[in-house]
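First up is the structure itself, then whatever we jot down about it.
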Amino acid sequence: MAEGHAVARWGDALRKLVGERVDDIRVPPRWRERANNIVGSRLTLVQTHGKHLVLHFSSGWVVHTHAMQYGSWQIGPLGQSLRKDARFARLRLTTPVSDVVFYHGPVMEVLSLEELAAHERFISLGPDLLHDDFPAATVLAVVKAQGDREIGDVILDQRIVSGIGNIYKSEGLFLATIDPRRPATSITAQELDVFFAELIPLMQAGRYVYGMTVTLPPDLQLEPWMRNWVYRRRGQPCFVCATPIQMIRQGEFQRATYFCQHCQA
Ligand SMILES: [Zn+2]
């Protein structure tokens, strides 16, 4: 699942290609005419914000992507063998030395800079917790202003903080011992501090690891499938207190939240 840490990792890999000239770009028919403006120009900037990734080119056009839950990137040398069928590629671009593929991504659009600057979803994003200048201290007021909304729903809202997905939401609230059902307005500065202090290093570490999202420390990973404290562990004993983990659904989109009723009381 593409949470902010995976997008940051893809961004890191793509930044190594800055300066390379695009020789060919393949996109769905809807975007083909616009994409022609990118051929012959150079990659100038790779921007990541939460789960959004934007490639900027010297011709003034950008490619805006959002991987949602299924999209992924493959970034390698020209001539690399694809790890998925090429028909799943929503975007493929090649330079004299590199091959970049974006698979399954539900959002892939070729935009002008003006369109990106007016892109409702992109410009309404809250601060990215993986950016160095993440203003953790200012987020509290925004969270509290959500009133009775449950914190497990609020913290997933990309307009408030961007980058947290469903796994890190449950894991972060568990590590900060915050009950996900609590109203946002009841969260204290200290609790939110602990939440970010636990979560940000975990996500920064996840940025450099491929594969499944692991949040458990190595000494608790007794079996290969033991990866997380509470995520997808409904009914199994809490690693701290042995209370069965619960699952509830929260928010407009009824996203699953896992928690320990005892540890997060
Ligand atoms: Zn517990």
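From a predicted model like this one, the values you see are computed outputs, not experimental measurements. Just so you know, ligand 1 is whichever comes first in the structure, and atom 1 is the first atom listed for that ligand.
With ring centers used as reference points, Phe122 lies under 6.0 Å from His52.
Remark: Arg32 pairs with no residue by the salt bridge (charged side-chain N to carboxylate O under 4.0 Å, His left out) rule, at least two apart or across chains. In terms of the salt bridge (charged side-chain N to carboxylate O under 4.0 Å, His left out) criterion, Asp193 has no residue partners (sequence neighbours excluded). In this structure Thr257 satisfies the side-chain hydrogen bond (donor to acceptor under 3.5 Å, both in side chains) test together with Lys169, Gln250, sequence neighbours excluded.
Shown are the protein N/O/S atoms under 2.8 Å from the Zn ion (ligand 1), given by residue and atom: Cys238 SG, Cys241 SG, Cys260 SG, Cys263 SG.
Between Trp229 and Phe239, the two ring planes are perpendicular [angle over 60°; tilted spans 30° to 60°].
Between the side chains of Arg83 and Ser72, at least one donor N or O sits under 3.5 Å from an acceptor N or O.
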